Protein chains: 2
Amino acid sequence: MRENGTRERIVEAANALFYQQGFEQTSFTHIAEAVGITRGNFYYHFKSKDEILDAVIAFRFGATEAMLERWEQVGGNPEGRLNCFAEILVVNRAKIMGYGCPVGTLCTELTKMNHQSRQEANEIFSLFRVWLRRQFELAGRPGDADDLAMHLLARSQGVATLANAFQDEEFIRKEVETMRDWIKGVCTCLS
Amino acid sequence: MRENGTRERIVEAANALFYQQGFEQTSFTHIAEAVGITRGNFYYHFKSKDEILDAVIAFRFGATEAMLERWEQVGGNPEGRLNCFAEILVVNRAKIMGYGCPVGTLCTELTKMNHQSRQEANEIFSLFRVWLRRQFELAGRPGDADDLAMHLLARSQGVATLANAFQDEEFIRKEVETMRDWIKGVCTCLS
DNA sequence: GTCTATAGTTTGATAGAC
DNA sequence: GTCTATCAAACTATAGAC
């Protein structure tokens with residue numbers, strides 16, 4: 001079950017490198033060097049590069065689920081939970097300015113590659129979408145909860161893309177502030 | 001000046017392929033096949049792949065400048081011109097759903113590669129940013145024109161990313177409608 | 001479970017015939 | 001200006017010793 005931990009170390013290294021350099025740009029050599037094993041040893045744990053990708057996606061999927069559950073409890077009420085989502089841009093600002101959003105950039109790359117695991121990567125987006133939708137429903141907006149969820153998700157993606165391009169930390173803070181105001185307005189007005 | 005047109009055909013083919021497949025994913029073989037020449041003949045026109053990238057970026061820069069000038073005249077007033085910007089998501093919806101935003105996806109990829117032409121690609125973003133900023137200034141918002149420009153640019157990027165991931169045309173239309181409302185509110189309220 | 005050695009492709013790039 | 005032939009390097013992947 002735990003093997004030697006090598007498999008887990010490969011997944012963690014690949015996860016970081018896929019994020020920082022992109023999937024296509026990351027070779028077995030890169031990952032092997034990061035883990036401290038040889039290229040050949042690789043294939044004992046994974047049959048192909050695509051198999052590593054699937055493991056990385058599954059890893060991220062699980063991590064996202066855990067994060068959303070945490071917000072579920074820490075947030076208190078729907079508005080507080082939605083603010084948790086907005087705040088992640090500030091919390092992860094250094095990584096986002098360096099490499100963009102891990103979900104968005106991977107989905108974009110896999111879509112351009114027309115990669116078979118494209119849909120599985122998108123499921124992480126769906127995880128956020130469904131979670132956000134539920135918060136808006138609980139906030140008294142059952143009629144347009146999905147639209148609001150997609151809107152907030154899009155705002156978050158756009159901020160990540162531009163923060164990455166312009167390396168602008170202050171921009172992130174301003175936009176998150178604007179997002180919080182918007183969330184407050186949506187949650188207060190129970191139309 | 002026009003040579004044989006081969007150079008231009010290479011740039012156009014590379015431009016399309018870099019957009020559809022990504023820069024890294026596109027090889028000389030792909031471009032050569034699209035143009036109808038051999039790989040070897042390539043190096044008569046361009047010394048390296050990076051040189052083709054620079055030519056593609058310059059091509060896109062020029063095309064963007066021309067588009068913004070067109071909007072400048074067609075739009076009529078600042079609000080109309082800003083709506084031109086918003087509407088481009090609907091106009092180019094098919095390509096955006098297929099490959100995302102050409103500017104955003106290229107900047108993201110080059111940033112992850114830490115490519116030397118990264119900054120030149122970002123200049124296309126700046127082109128939009130400065131143009132949008134001027135429209136907001138003309139609309140009577142000199143104090144926060146740049147913030148508003150970045151906000152609108154980010155919204156556009158986020159919509160492109162999610163439309164690409166979810167393949168959702170209706171989402172684009174809804175978001176553009178919301179953007180138009182927001183533009184109207186900003187341009188009307190001369191605070 | 002990890003290693004070395006290597007196969008087989010593809011890549012970006014060069015040289016030289018035509 | 002376009003071609004063929006070829007290069008060195010990097011890639012994914014496999015085989016087999018230890």
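Note that this is a predicted model, so its numbers are computed, not measured. Residue numbers start from 1 in every chain, and the chains themselves are labelled A, B, ... in the order their sequence lines are given, proteins ahead of strands.
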Under 3.5 Å: donor-acceptor pair, side chain of A/Glu109, backbone of A/Glu24:
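Yes, A/Glu109 side chain to A/Glu24 backbone: donor-acceptor pair under 3.5 Å.
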Heavy-atom donor-acceptor pair, B/Thr105 side chain to B/Gly100 backbone, under 3.5 Å
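Looks like no, no N/O pair under 3.5 Å.
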Consider the side chain of B/Tyr43, meaning its heavy atoms from C-beta on, and name the nucleotide among C/dT2, D/dT12, C/dT14 that approaches it most closely.
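My answer, after comparing the listed nucleotides, is C/dT14.
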Can you list every pair that meets side-chain hydrogen bond (donor to acceptor under 3.5 Å, both in side chains) and has a residue in residues 162-176 of chain A, with sequence neighbours left out?
A/Arg93-A/Glu169, A/Glu169-A/Arg173, A/Lys174-B/Asp147, A/Glu175-B/His151
Which ones in residues 25-39 of chain A lie close to DNA chain C, meaning a heavy atom under 4.0 Å from one of its atoms?
A/Ile37, A/Thr38, A/Arg39
N/O donor-acceptor pairs under 3.5 Å from side chains in residues 122-130 of chain B, not counting sequence neighbours:
| from | atom 1 | to | atom 2 | distance (Å) |
| --- | --- | --- | --- | --- |
| B/Asn122 | ND2 | A/Ala165 | O | 2.9 |
| B/Arg129 | NE | B/Asp146 | OD1 | 3.0 |
| B/Arg129 | NH2 | B/Asp146 | OD2 | 2.8 |

Is the phosphate of C/dT2, meaning OP1 or OP2, less than 4.0 Å from a side-chain N or O of A/Thr6?
yes
Assuming nearest nucleotide by heavy-atom distance, tell me which of B/Asn41 and A/Asp50 is located more 5' along DNA chain D.
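Counting from the 5' end, the first nearest nucleotide belongs to B/Asn41.
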Send over the distance from [X] [atom1] to [N] [atom2], rounded to a whole Å.
X	N	atom1	atom2	answer
A/Tyr44	C/dT4	OH	P	18 Å
A/His45	D/dA13	NE2	P	16 Å
B/Phe42	D/dG1	CZ	P	15 Å
A/Lys49	D/dT14	NZ	C1'	18 Å

For residues B/Ala34 and B/Leu17, report the shortest heavy-atom separation together with the two atoms involved.
CB-CD1, 4.2 Å
Are the aromatic ring centres of B/Phe28 and B/Tyr43 under 6.0 angstrom apart?
yes
